[in-house]
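Note on naming: letters A, B, ... go to the chains in the order of the sequence lines (proteins, then strands), and numbering restarts at 1 for each one.
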Amino acid sequence: MGERQLTGPPPSLAGTALDRDFFDRPSDQVAPDLLGRVVVHGPVAVRLTEVEAYGEPGQDPPAHTYRGRTPRNAVMFGEPGHVYVYFTYGMHFCANLVCRPEGVGSAVLMRAGEVIAGAEVARARRFPAGTAGGAAKKISDRDLARGPARLAVALGLERQHNGLDCCDGGPMRVLAGEPADPALIVAGPRTGVSTGAETPWRFWIDGDPTVSPYRPHAPRRRT
DNA sequence: GATCTGATTGACT
DNA sequence: GTCAATCAGATCT
């Protein structure tokens, strides 16, 4: 993949958006099917290279829905095709795409991707001018959306976007595009979770440089 | 009402 | 490779 000019939306941004039926399936089926697809939010577009599926209440301990519906995770129990944005570690946002019919409570976490449009906007969001380090920071395109929190920032997703519908023709959508080659899709254990990590519900495109590095769960250190 | 944990990242050694 | 930062939600007493 070579350099892409940012002087206008690339042809891929004009593609057809995935409809709600696409998301109305088990998350472990939707997740690998999302690889290679392009997520668009405003001027920024990201091609997904790594995702993680999260299961249903009572079945998947690491999932936020494991203990049932709460005000925080209510979006995941809503209509499929919406975005569930949550705040973690006191400073990061992560974005999920809701799966399964309304009331189930299942989603796919977007872990990493390649910014294919709006790279300068994404870079500015990571380090706004005026902040420490600010514009002087040199971030490669590869690192712009390499990691769940980075991806959320690149797409400009924050708390206010929680519950946003990707299937209503609004500012955010997931393009059908060209799915990843099934031969290159790899499934493995999930990262960063203390329980259920052995479930191979993390999917990524083998060999893609934007896939986030694997990190086993690190227990919180106490002072 | 108080305490603890976490689907992470960036800085520093 | 190691460690601190920071806050909302969930659980516990």
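At whole-Å resolution of the value, CE in A:M110 and P in B:dA7 are 17 Å apart. Separating the CZ atom of A:R150 from the C1' atom of B:dA7 is a distance of 15 Å, rounded to the nearest angstrom. In this entry the distance linking CG of A:L157 with P of B:dT8 reads 16 Å, nearest Å. Rounded to a whole Å, the OH atom of A:Y86 is 7 Å from the P atom of B:dA7. The nearest whole Å value for the distance from the CZ atom in A:R190 to the P atom in B:dG6 is 14 Å. Distance A:E50 CD to B:dA7 C1': 11 Å, rounded to the nearest Å. Between the CE atom of A:M91 and the P atom of B:dA11 there is a distance of 12 Å, given to the nearest Å. In this structure, the CZ atom of A:F93 is 11 Å from the P atom of C:dG9, given to the nearest Å.
Looking only at atom types and distance, the side chain of A:H82 has a donor-acceptor partner in the side chain of A:E79 under 3.5 Å away. Side-chain contact, A:E56 with A:T65: no donor N or O sits under 3.5 Å from an acceptor N or O.
In this structure, the separation between SG on A:C166 and CZ on A:R20 is 9.0 Å, given to the nearest 0.5 Å.
Comparing B:dT8, B:dA7, C:dC7 by their nearest atom to the side chain of A:F87 picks out C:dC7. Checking B:dT8, C:dA10, C:dC7 against every side-chain atom of A:T88, the shortest atom distance belongs to B:dT8. When the nucleotides C:dG9, B:dA7, B:dT8 are ranked by their closest atom to the side chain of A:M76, B:dA7 comes out on top.
Checking C:dT6 for Watson-Crick or G-U wobble geometry (two distances, each under 3.5 Å) identifies no partner in any strand.
Here A:R67 reaches the OP1 or OP2 of C:dT11: one of its side-chain N or O atoms lies under 4.0 Å away. One finds a side-chain N or O of A:R126 lying less than 4.0 angstrom from the OP1 or OP2 phosphate oxygen of B:dG10. Contact check, A:T70 against C:dA10: a side-chain N or O comes under 4.0 Å of OP1 or OP2.
Aromatic pair A:Y86/A:H64: centroids less than 6.0 angstrom apart.
Evaluation of atom-type donor-acceptor distances gives no pair under 3.5 Å for the side chain of A:Y89 against the base of B:dA7.
Applying the 5.5 angstrom centroid cut-off and the 30 degree plane-angle cut-off, the aromatic ring of A:Y54 is stacked upon the base of B:dA7.
Using a 4.5 Å heavy-atom threshold, the side chains of A:V98 and A:V83 count as separate.
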